[in-house]
Amino acid sequence: MTPVLLDEIDLSDPDLYATGDPHAVWTHLRANAPVFFQKHGYGPGFWAITKYDDVVALSSDRRLASSGGRTTTGRPREPGPGGRGAPDGTGVADILVVTDPPRHTQLRALVNKAFTPRVIAALEPYVQNIVDGILEELRERSRCDFATDVAARIPFTVICQLLGVPEADRGALSHAVGIFMESRAHTHDEPRDDIELGRYFLDLAHERRANPRDDLVSRLVAAEVDGERLSDADVLALAMLLFIAGSETTMNGMSGGMLAFVEHPEQARRLIDDPVLWPKAVEEILRWVSPVLNGMVRTALDDIVVRDTLIARGDKVTLWYPSANRDEEVFAEPFTFDVARDPNPHITFGAGWHFCLGASLARLEIRVALRSMLGVLSDIELDGEVQRLRSNVSGSIEHLPIRYAA
């Protein structure tokens, strides 16, 4: 049973997101404790912000720092080999996530050009080709695990191409990602293992220093900030962040979008009959799914008052995007999945200086994949139990078995 009493709520418990109903909890918090202090039995606890306006305002509040604080709502972890896995919870893949301006702005500028709308638009034929290849495989079957057979493959292939990962390495890299994501999911009580994945990108960075190409890793190793080249640690962190963010979030959006269409077949029919709705549909998928639960834990640099509640200097603060995206004061009928919703000011990609770099790419991949799937596959139904990731960081679907006619 999902808790709805304040003293029963535990937002740090990954089982809430795997088997419970977090939206029932967030709805209760928005109505009764929009600035809620989550106590921990093993730490100082953290503030949970669940209302849309508060999440947006605090996202750009310079009194909240991203650096120097834990980036999950789970237990701190022990240092890993070579200094990775610091006790405060920051890992090698967190460089943009746990930096603030001006360094955040400088680092972000290094990769911004690779994700402009014009550059992303030029990728559409490449993405469509990947999707078409997967559809050819699906036509030979009548069922699949959409999460693993489709949603996981498309963004993985695209981000590998952008970073410059050779095709021959992608099988081994996929294995390393599996290890990384399995351990990352259980931030509540287990350490995250980024060693194998980190070693791969460090080796790739060294190779690109010697033999640069037209890819993102080559640009990173050649880049300078304040007249100095990035260190190996900086390049490694940026590459891993781009890789994980560029594959995981979009994968979750695709799976969640397909599940939404399975559960609301009338909305899928609207899109088939009126494909001009697809841009709005993508935004509704992003709002509805909200793959990132809270993004990061921030630290108050000064006392902050939110809704007459004092957040003291040094306190930890979390911003809950899925809750904000169902705020009744912002979205009409927020628990209705409506592919024609307009306006739709969701904050799935965050807000402020941490707005997601890959937003345009995620939108493109979700649109091309789901539009193509609905155009070719019909009578899509669930073919088993939906399994969600046991995680308090990412709202992921691990398995989405479906059957269909092709």
Side-chain angles (χ1 to χ4, degrees), residues 17-19 124-161 167 170-182 185 244 246-272 275 278 281-282 284-286 288-289 291 337 339 361-391 394-406:
Y17 313 99
T19 58
E124 181 161 352
Y126 179 74
V127 176
Q128 186 67 64
N129 187 58
I130 296 169
V131 173
D132 289 345
I134 293 174
L135 273 171
E136 284 299 315
E137 298 175 16
L138 297 186
R139 284 192 181 99
E140 299 176 0
R141 304 150 59 181
S142 60
R143 49 177 38 94
C144 74
D145 184 336
F146 188 86
T148 58
D149 295 341
V150 180
R153 294 169 61 186
I154 297 167
F156 174 82
T157 304
V158 174
I159 199 62
C160 280
Q161 185 72 14
E167 289 191 23
R170 293 178 187 179
L173 185 60
S174 179
H175 174 73
V177 171
I179 295 173
F180 175 84
M181 296 308 299
E182 175 65 21
I244 297 300
S247 53
E248 178 188 5
T249 305
T250 308
M251 172 187 69
N252 299 340
M254 282 184 195
S255 292
M258 178 55 75
L259 179 59
F261 288 132
V262 170
E263 294 176 336
H264 304 88
E266 78 286 353
Q267 296 298 309
R269 174 53 58 186
R270 288 179 74 184
L271 286 170
I272 293 171
W278 265 107
V282 169
E284 179 68 344
I285 290 166
L286 290 166
W288 187 259
V289 178
F337 180 64
V339 296
L361 179 58
R363 287 182 168 109
L364 170 67
E365 292 176 340
I366 291 171
R367 174 175 56 81
V368 171
L370 294 180
R371 182 188 62 192
S372 299
M373 297 293 159
L374 293 185
V376 173
L377 309 181
S378 61
D379 302 323
I380 305 173
E381 298 178 338
L382 285 180
D383 191 37
E385 183 180 356
V386 178
Q387 296 182 32
R388 296 185 179 274
L389 193 66
R390 183 178 176 269
S391 171
S394 176
S396 305
I397 295 175
E398 286 192 292
H399 298 288
L400 178 58
I402 61 172
R403 58 179 178 270
Y404 53 85

Under the salt bridge (Lys or Arg N to Asp or Glu O under 4.0 Å) test, which residues partner Asp132, sequence neighbours left out? none
A side-chain contact here means heavy atoms from C-beta on lying under 4.5 Å apart; do Arg139 and Leu377 qualify? no
Restricting to side-chain hydrogen bond (donor to acceptor under 3.5 Å, both in side chains), what partner residues turn up for Asn129, sequence neighbours left out? none
Hey, does Met258 have a side-chain heavy atom less than 4.5 Å from the side chain of Leu400? yes
If the condition is side chain to side chain contact (heavy atoms under 4.5 Å, CB included), which residues does Arg170 pass it with, not counting sequence neighbours? Tyr126, Phe156, Thr157, Cys160, Gln161, Val165, Glu167
Could you pull out all residues at least two apart from Asp149 that satisfy side chain to side chain contact (heavy atoms under 4.5 Å, CB included)? Arg141, Cys144, Asp145
For the residue pair Val158 and Glu365, establish whether any side-chain heavy-atom pair is separated by less than 4.5 Å. yes
Residue set satisfying side chain to side chain contact (heavy atoms under 4.5 Å, CB included) with Thr249, at least two apart, ordered chain then number -> Pro291, Val292
According to side-chain hydrogen bond (donor to acceptor under 3.5 Å, both in side chains), who are the partners of Arg269, at least two apart in sequence or on a separate chain? none
Kindly write out the residues that satisfy salt bridge (Lys or Arg N to Asp or Glu O under 4.0 Å) with Arg388, not counting sequence neighbours, or none if the list is empty. none
Run the side-chain hydrogen bond (donor to acceptor under 3.5 Å, both in side chains) test against Gln387 and tell me which residues pass, sequence neighbours left out. none
Separation of Ser396 OG from Met251 CE (nearest 0.5 Å): 5.0 Å
For Arg403, all residues meeting side chain to side chain contact (heavy atoms under 4.5 Å, CB included), sequence neighbours excluded: Arg143, Glu381, Asp383
side-chain contact (heavy atoms from CB on, under 4.5 Å) between Arg371 and Val131, worked out: CA-CA 10 Å; Arg371 182 188 62 192; Val131 173; over 6 Å; no
Without placing hydrogens or testing angles, list every side-chain donor-acceptor pair under 3.5 Å for residues 261-268, not counting sequence neighbours.
{"residue": "His264", "atom": "ND1", "partner": "Ala260", "partner atom": "O", "Å": "2.9"}
{"residue": "Gln267", "atom": "OE1", "partner": "Arg270", "partner atom": "NH1", "Å": "3.3"}
{"residue": "Gln267", "atom": "OE1", "partner": "Val339", "partner atom": "N", "Å": "3.0"}

Looking at Ile397 and Ala147, what are the two nearest heavy atoms and their distance? O-CB, 3.7 Å
For Ser378, give me all partners under side-chain hydrogen bond (donor to acceptor under 3.5 Å, both in side chains), at least two apart in sequence or on another chain. none
How close do Ser394 and Asn252 get, counting heavy atoms only, and between which atoms? OG-ND2, 2.9 Å
Can you list the steps and then say if Trp278 with Leu271 is a side-chain contact (heavy atoms from CB on, under 4.5 Å)? CA-CA 7 Å; Trp278 265 107; Leu271 286 170; 3.7 Å; yes
